[in-house]
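Report on the structure given below.
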Amino acid sequence: MEYLLELDGITKSFPGVKALDGVSLRVRPGTVHSLMGENGAGKSTLMKCLFGINDIDAGTIRLDGREVRFRSPGQALENGVAMVHQELNQVHTRSVMENIWLGRFPKTALGSVDHRAMRRQTQEIFDELELDIDPGAIISTLPISQRQMVEIARAVSYGSRVIVFDEPTSSLTDTEVERLFSIINRLRGEGCGVIYISHKMSEILTISDEVTVMRDGRWVATAPAEELTIDRIIHLMVGREITNVYPPKTNKPGEEILRVEGLSAQHVGLKEATFSARKGEIVGLAGLAGAGRTELLETMFGVATRKSGTITLHGKECRNRTCRAAMRSGFALVTEERRSSGIFGVLDITENTTVSKGRSYLWKGLFLQKGLMRRDTEWAIKALNVRTASQRTRISTLSGGNQQKVIFGRWLLTRPEVLLLDEPTRGIDVGAKYEIYQLIIDLAREGKTVIMASSEMPELLGVCDRIIVMSGGRIAGEVDPASTSQEEIMALAAKYV
């Protein structure tokens with residue numbers, strides 16, 4: 001058949017917003033069909049309709065020419081459709097192999113779980129995909145990049161005809177991206193239809209056969225990848241030309257206000273980190289996966305247990321033994337994983353925005369002053385240009401970029417002096433990224449000190465005033481974005497590996 005999968009006229013509405021408006025998508029067997037668009041364009045919603053997470057209001061879905069409408073992800077998997085989600089949905093307290101075979105554990109003749117067979121089958125998949133991961137490791141002990149590869153292995157284990165990859169490389173190193181592309185090419189060679197969602201233009205042009213662009217819940221264009229350029233894709237996505245990827249740096253770093261001396265962590269790989277930062281300065285943290293960037297930020301904020309070292313702000317030592325103590329000291333942390341540690345998915349925007357100031361809204365310690373909560377939330381929505389139908393909208397229904405803006409708004413209400421940002425633009429489109437970059441620069445211009453960890457070197461070079469490079473849990477060096485190169489940064493990143 002010419003098409004393995006056909007989605008025609010898919011329409012889906014949520015309260016106050018029409019997420020999909022007659023969208024069509026056709027995927028040929030043995031091809032990679034990329035799906036692009038700004039956050040909120042409807043890409044993930046369309047795939048959730050395919051995968052049985054959302055029920056469609058109108059339209060048809062055909063698989064191998066047969067009309068289908070899956071009522072659950074389990075039903076989709078049984079019919080050969082798998083999906084690797086952008087936000088990982090794993091059982092943190094269970095092993096790698098249990099996460100891969102969840103809901104379909106191999107059984108012994110007596111009906112109990114056959115752990116030996118489960119380990120063997122998991123290792124066979126890992127060997128086939130050339131993954132060096134212990135099947136028995138508890139999933140929460142793995143870095144996010146390896147957890148992402150486990151999720152990819154799980155999708156492959158179903159032997160599916162159609163596999164959706166939603167932002168699969170947002171947490172992967174360059175080596176892991178190459179391995180993922182090798183897996184995708186093998187699937188393509190076996191006749192699978194791969195739907196690939198990413199905001200990384202170079203990846204799209206490298207791996208795709210065809211590209212479909214969506215905007216505001218509607219189909220905009222479909223074209224062979226070889227006929228597209230990065231500028232053309234951006235224009236189709238946002239409906240306008242974006243001549244500058246990064247805003248001009250208008251912040252002016254002042255005097256030194258923050259000093260970290262010999263900071264080490266008790267249970268994570270952070271060793272003797274020493275650096276300083278100035279008022280109104282944006283300091284980048286670069287390094288390979290496992291270099292210690294996240295560990296540094298979490299130790300500064302009291303998430304990870306400090307082993308030794310001091311943190312001084314305005315000449316006063318900050319204990320920061322807990323997150324609450326760090327907040328009282330004037331620190332705020334935007335975490336890397338929005339879903340697991342950034343948002344409260346079942347709560348609305350008001351509750352997510354005001355949670356960090358919860359006690360300040362109590363009247364006589366007894367009743368919440370909901371009027372004040374709504375006022376502060378309205379300020380955050382307007383100040384950060386959050387696109388939502390209302391404050392009562394559940395945050396999990398927003399796009400990744402708008403969720404990130406809500407998190408920024410939450411912390412800005414606490415009036416921090418030091419903002420710790422861990423992958424602040426992960427999984428965000430080019431238009432929303434520009435808004436986040438502008439927000440970071442505006443905050444620095446107002447005198448905030450920003451420490452920003454990112455795995456995207458162009459981002460660090462385009463936004464930061466100074467870049468600290470980490471390697472093996474240590475600070476390997478410091479570079480000036482105006483005069484350094486990606487090669488120099490990579491050399492420092494490999495210093496203690």
Strictly distance-based, threshold 3.5 Å: is any side-chain N or O of [X] a donor or acceptor partner for the main-chain N or O of [Y]?
X: Q148; Y: T169; value: no
X: Q404; Y: P424; value: yes
X: T31; Y: H33; value: no
X: N352; Y: I343; value: no
X: K249; Y: C464; value: yes
X: R426; Y: E337; value: no
X: T449; Y: R278; value: yes
X: D21; Y: G217; value: no

When you compare the side chain of [Y] with that of [X], does any pair of heavy atoms fall below 4.5 Å?
X: I100; Y: V150; answer: yes
X: L398; Y: I349; answer: yes
X: M47; Y: L25; answer: yes
X: D348; Y: E351; answer: yes
X: L63; Y: F70; answer: yes
X: L461; Y: I467; answer: yes
X: L5; Y: L50; answer: yes

Might you point out which heavy atoms bring [X] and [Y] nearest each other, and give the distance in Å?
X: Q391; Y: R374; answer: NE2-O, 3.0 Å
X: N402; Y: R387; answer: OD1-N, 2.9 Å
X: L420; Y: L297; answer: CD1-O, 3.7 Å
X: N385; Y: K405; answer: O-NZ, 3.1 Å
X: L313; Y: C318; answer: CB-SG, 3.7 Å
X: L102; Y: R154; answer: O-NH2, 4.2 Å

Problem set entry | Step-by-step side-chain contact (heavy atoms from CB on, under 4.5 Å) determination, R69 to D55 | CA-CA 8 Å; R69 186 175 292 195; D55 192 21; 3.7 Å; yes
For this session: Determine the interplanar angle of the F51 and H85 rings, folded into 0 to 90°, and report it as parallel if under 30°, tilted if 30 to 60°, perpendicular if over 60°.
Result: perpendicular
Problem set entry | Side-chain donor-acceptor pair present, T354, D376, cut-off under 3.5 Å | no
Problem set entry | Any side-chain donor near an acceptor of the partner, T393 and T388, under 3.5 Å | yes
Seminar exercise, completed: One should read off an interatomic distance between S341 OG and E298 CD, to the nearest 0.5 angstrom, of 7.5 Å
Problem set entry | From CG (L205) to NZ (K200), nearest 0.5 Å | 14.0 Å
For this session: Report the C-alpha distance between R26 and D8 in whole Å, list the side-chain angles of each, state the deciding distance to 0.1 Å, and finish with yes or no for salt bridge (charged side-chain N to carboxylate O under 4.0 Å, His left out).
Result: CA-CA 8 Å; R26 293 175 175 81; D8 286 319; 2.5 Å; yes
Problem set entry | Verdict with supporting geometry, F301 and D422, side-chain contact (heavy atoms from CB on, under 4.5 Å) | CA-CA 12 Å; F301 196 66; D422 197 356; over 6 Å; no
Problem set entry | Candidate pair R28 and D209, rule salt bridge (charged side-chain N to carboxylate O under 4.0 Å, His left out), full reasoning | CA-CA 10 Å; R28 294 181 172 86; D209 296 296; over 6 Å; no
For this session: Please lay out, stage by stage, how Y437 and Y246 fare under the test ring-ring contact (aromatic ring centres under 6.0 Å, His included).
Result: CA-CA 7 Å; Y437 297 147; Y246 305 103; 5.1 Å; yes
